[in-house]
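See below for the structure under consideration.
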Amino acid sequence: MGRIARRISETGMYHVMFRGVGKQNIFNETADYVKLKELIRRVKEETEFELYAYCFMTNHVHLFIKEQNPGDLSIIMKRILGSYATWFNRKYIRAGALFNSRYKSEPVEDERYFYGLTRYIHQNPQKAGIAKSIDEYKYSSYNEYANDDPDITDIDFLLDMLGGSRKSAITQFIEINGEVTQEDYTIIGTKRKSRAVTRAIISSELDGLEPEEIKALEIDERNEIISRLVSEKGLMMSEIARETGFSRNTIVYICRGYVQKVLRPQSKQKRNIPAIRKTKVDQVEEKNPVIERNLPAHLM
């Protein structure tokens, strides 16, 4: 079975995650973390991608990046992973794959997702129990923001979006990253999306409302939005049902009904339907509309 094609981000932004093969450690000591950071810095200079957040865990890594040109992501990751694996294998005298299959990626296309994703990345060590707080973990981008001291992270993008003075933006950023939430930005795969991503996409179509609030909309507006989430945003019907509270059968019914009511009539109007040829009887009736055919009495 062939690989599923990666979803392309319209913004060029991606949440990327790669993990050690068999979930084995890809960092054994401080020098290993330093080496990966050096490689990321070098590839950034070569491809000019932007890095908005990162976290190096013992057996996996999270990155929030923006490519400069469509298709750069594969080049970026190939250089980073290939160079690190070669260096790591040589250092520890090992052979074979270091990383599990290929890296995973999820397009990031809604600004509501930016801060939630960054918080998720920075809170990874704390939730995994390897750090008591996010500021004590050395191998993430959190302190580059908190101390206004960028190293490999492009911190201006997210801080500028918060507005106000630099000090105020950093304070807001620290507060956002300290919030305790149940958000899960785990990258499930190239086809399915995490619940947080799904909810963000639905909310963006609802102008910021929670997905469950779609039930309060007018029926026509609700049906149009649900159909758009499937046809244009690529959400699965089961994902929409899970987040909105509708049953999957209801979502299927809505989508089918919308197609029949709106899309099919429009497609029929575009067809060039040939004119119906008039018979001699039709021509006679046009000249003499009072003429009646010999029809049964009950049809007269």
Side-chain angles (χ1 to χ4, degrees), residues 4-17 52-53 62 64 66 104-121 123 127 158 161-163 172 175-270:
I4 300 174
R6 291 191 186 279
R7 292 178 54 240
I8 305 300
S9 171
E10 295 179 1
T11 62
M13 298 181 187
Y14 294 90
H15 172 202
V16 178
M17 191 277 289
Y52 299 139
H62 289 276
F64 176 13
K66 180 181 181 181
K104 294 181 179 181
S105 64
E106 182 80 59
V108 180
E109 298 176 332
D110 192 306
E111 65 180 46
R112 297 183 186 88
Y113 185 27
F114 295 171
Y115 297 102
L117 172 60
T118 305
R119 175 172 53 230
Y120 169 79
I121 291 174
Q123 289 184 356
K127 290 182 177 180
L158 292 181
M161 284 183 62
L162 291 172
Q172 291 182 68
E175 291 175 352
I176 291 171
N177 279 257
E179 292 174 359
V180 178
T181 72
Q182 299 302 315
E183 295 172 325
D184 182 5
Y185 289 88
T186 302
I187 305 177
I188 299 173
T190 53
K191 189 172 182 181
R192 292 181 58 204
K193 302 174 183 61
S194 67
R195 294 196 64 177
V197 173
T198 300
R199 292 185 68 84
I201 292 172
I202 296 174
S203 291
S204 68
E205 292 297 310
L206 296 174
D207 295 327
L209 297 177
E210 293 298 317
E212 297 83 358
E213 297 181 80
I214 194 172
K215 292 182 177 181
L217 300 180
E218 294 292 331
I219 293 177
D220 288 344
E221 182 183 5
R222 178 202 69 188
N223 293 356
E224 180 183 353
I225 290 173
I226 288 176
S227 297
R228 190 163 63 241
L229 288 169
V230 174
S231 62
E232 297 180 14
K233 299 301 180 179
L235 294 185
M236 299 171 68
M237 293 185 186
S238 57
E239 292 174 326
I240 299 172
R242 180 185 64 201
E243 304 306 334
T244 60
F246 285 115
S247 69
R248 185 182 183 282
N249 287 340
T250 299
I251 300 298
V252 172
Y253 178 81
I254 288 173
C255 291
R256 286 177 179 173
Y258 183 77
V259 169
Q260 292 174 352
K261 181 179 178 180
V262 178
L263 300 184
R264 287 183 181 174
Q266 291 178 353
S267 62
K268 287 181 180 180
Q269 291 173 4
K270 295 178 182 179

Q.
Are Phe246 and Ile226 packed together at the side-chain level, in the sense that at least one heavy-atom pair is separated by less than 4.5 angstrom?
A. yes
(Q) Taking salt bridge (Lys or Arg N to Asp or Glu O under 4.0 Å) as the definition, give me every residue that meets it alongside Glu243, ordered by chain and number, with sequence neighbours left out. (A) Arg195, Arg199
Q | From Lys104 atom NZ to Thr186 atom OG1, the distance as rounded to the nearest 0.5 Å | A | 9.0 Å
(Q) Checking Glu179 now: which residues fulfil side chain to side chain donor-acceptor pair (under 3.5 Å) with it, not counting sequence neighbours? (A) Arg119
Q) Is there side-chain contact between Thr181 and Tyr120, with heavy atoms separated by less than 4.5 Å? A) no
Q) Just by modelled atom types, is the Ile225 backbone N or O under 3.5 Å from a matching donor or acceptor in the Glu205 side chain? A) no
**Q.** Any side-chain heavy-atom pair of Arg242 and Thr198 under 4.5 Å
**A.** yes
Q) Hey, are the side chains of His15 and His62 touching, using non-hydrogen atoms and a 4.5 Å cut-off? A) yes
Q: Kindly give the heavy-atom pair with the smallest separation between Met237 and Val252, and that separation in Å.
A: SD-CG2, 3.4 Å
(Q) Please give me the minimum heavy-atom distance between Gly178 and Gln123, naming the atom from each residue. (A) C-NE2, 4.1 Å
Q) Is Lys66 close to Thr11 at the side-chain level, that is, under 4.5 Å between some pair of heavy atoms? A) no
Q. Tell me, do Thr118 and Phe64 make a side-chain contact under 4.5 Å, heavy atoms counted?
A. yes
Q | Heavy-atom closest contact (Ser227 atom, Ile254 atom, distance) | A | OG-O, 4.2 Å
Q) How long is the gap from CD on Glu224 to CG on Leu229, to the nearest 0.5 Å? A) 10.5 Å
Q. Would you say Ile176 and Leu162 make side-chain contact, with heavy atoms under 4.5 Å?
A. yes
Q.
To the nearest 0.5 Å, what is the distance between CD1 on Ile202 and CG on Asp110?
A. 11.5 Å
Q) Taking only residues two or more places apart in sequence, or in another chain, which ones meet Ser203 in a side chain to side chain donor-acceptor pair (under 3.5 Å)? A) none
Q: Let me know which of Phe114, Tyr115, Tyr113, Tyr14 forms a ring pair (Phe, Tyr, Trp, His ring centres under 6.0 Å) with Tyr185.
A: Tyr113
Q: Kindly indicate, with the supporting measurements, whether the criterion side chain to side chain donor-acceptor pair (under 3.5 Å) is fulfilled by Asn249 and Ser247.
A: CA-CA 5 Å; Asn249 287 340; Ser247 69; 5.4 Å; no
Q: Looking only at non-hydrogen atoms, find the nearest pair between Leu206 and Glu210 and report the distance.
A: CD1-O, 3.6 Å
Q. Does a side-chain heavy-atom distance below 4.5 Å link Glu109 with Ser9?
A. yes
